[in-house]
Amino acid sequence: MGGGGGGEGEEKPFNFLQILCEGVIAGGAAGVVVETALYPIDTIKTRLQAARAGSQIQWKGLYSGLGGNLVGVLPASALFVGIYEPTKRKLLDMFPENLSAVAHLTAGAVGGLGASLIRVPTEGYGSFLLRDLPFDAIQFCIYEQLRIGYKLMAKRELKDPENALIGAFAGAITGAITTPLDVLKTRLMVQGQTKQYSGIVSCAKTILREEGPGAFLKGIEPRVLWIGIGGSIFFGVLEKTKSVLAERSSRKAALAEKDE
């Protein structure tokens, strides 16, 4: 799911509806592209995390369930970015420049809570709060901060490949940091009616006791790979779509001024 750098709020007047609509379109497009491209890797990662010692990993049906996922991903990504962008712009105006990371982290959390209106009915609120909300907030914060630093060094606007590269770094870092949360969520989701774990704490204690601390990093390689590539695609598509929409809005505004 990315946004612009810290100085964007000063470039043009704040138009809430326009920023929201452009965010919705860009977020939806980015979400669909990245989900379709990387769904098989996510499937493999989930199967690795769910597998117990000695069990075989199934390699068939790696695209199974993609259609159902897209039904949730499209509106969730659209709503997340649609809320994130104007919230970020407002918070950046309110916070001093040295606290931009707080603004980005908060905007990510607010966007995540908004997207939960769509995500939660399909996944369950506990699972969402456990993994997705902190992941989204952290990823967007890391992305924005890396982008700000890169722009300061480059002293210019970033090109499409640069946005994609920064998105890859942000995704990979966030994926590694949040792997233990992802393992817990996966175990809670796949336990079904057995109810082996009574909750998050019970799940963590059981895994630690029966499998050791290394189990919390299960699937970290495909997860980092998946989210790193996914971050590259998502933020690359997001920024490109946003720039195309911004150019279109500028042309419309210029034509309107001419007509007047």
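In what follows, every heavy atom counts, from backbone to side chain, and hydrogens, waters and symmetry copies are set aside. What you are looking at is a predicted structure, and each value in this text was computed from that prediction instead of being measured.
Between the side chain of S232 and the backbone N or O of G228, no donor-acceptor pair lies under 3.5 Å. For Y143 (side chain) and F169 (main-chain N/O), no donor-acceptor pair under 3.5 Å exists by modelled atom type. Proximity of a side-chain donor or acceptor of Y39 to a complementary backbone N or O of S64 within less than 3.5 Å is detected.
A donor-acceptor contact under 3.5 angstrom links the side chains of E22 and S249, judged on distance only.
The two residues L133 and L113 have their closest heavy-atom pair at CD1-N, 3.8 Å. When all heavy atoms of V237 and A30 are compared, the pair lying nearest together is CG1-CA, 3.7 Å. When all heavy atoms of A101 and C141 are compared, the closest pair comes out as O-SG, 3.4 Å. Between I227 and G175 the shortest heavy-atom distance is CD1-CA, 3.8 Å. Heavy-atom minimum distance, L92 versus S100: CD2-CB, 3.9 Å. Contact between I142 and T174 at its shortest, heavy atoms only, is CD1-OG1, 3.6 Å.
Residues Y84 and I25 fall into different hydrophobic clusters, defined by Ile, Leu, Val, Met, Phe, Trp and Tyr side chains chained together at heavy-atom separations under 4.5 Å. Cluster membership check: V244 does not share its hydrophobic cluster with V81, using side-chain heavy-atom separations under 4.5 Å among Ile, Leu, Val, Met, Phe, Trp and Tyr. Cluster annotation: I220 and L181 are assigned to distinct hydrophobic clusters (Ile/Leu/Val/Met/Phe/Trp/Tyr, side-chain heavy-atom contacts under 4.5 Å, transitive). Cluster membership check: L66 does not share its hydrophobic cluster with V33, using side-chain heavy-atom separations under 4.5 Å among Ile, Leu, Val, Met, Phe, Trp and Tyr.
Ring planes of F80 and F140: tilted class, angle from 30 to 60°.
When the options R223, K185, Q139 are evaluated for a side chain to side chain contact (heavy atoms under 4.5 Å, CB included) with T178, the one that passes is R223.
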For this session: Would you check, one step at a time, whether the test side chain to side chain contact (heavy atoms under 4.5 Å, CB included) holds for L184 with F216?
Result: CA-CA 8 Å; L184 290 171; F216 290 106; 4.0 Å; yes

Apply side chain to side chain contact (heavy atoms under 4.5 Å, CB included) to the pair I166 and F235, showing each step before the final yes or no.
CA-CA 8 Å; I166 292 169; F235 287 107; over 6 Å; no

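With a 4.5 Å cut-off on side-chain heavy atoms, L62 and R47 count as touching. Using a 4.5 Å heavy-atom cutoff, the side chains of S243 and K240 are in contact.
I148 CD1 to L158 CG: the interatomic distance, rounded to the nearest 0.5 Å, is 10.5 Å.
Listed by chain and number, the residues in a side chain to side chain contact (heavy atoms under 4.5 Å, CB included) with A37 are I233 (sequence neighbours excluded).
Among pairs with a residue in residues 162-172, those fulfilling side chain to side chain donor-acceptor pair (under 3.5 Å) read R147-N163, Y150-E162, R156-E162, at least two apart in sequence or across chains.
In the hydrophobic clustering, M94 connects to L91, F95, L99, V102, either directly or through intervening members, whenever side-chain heavy atoms lie under 4.5 Å apart.
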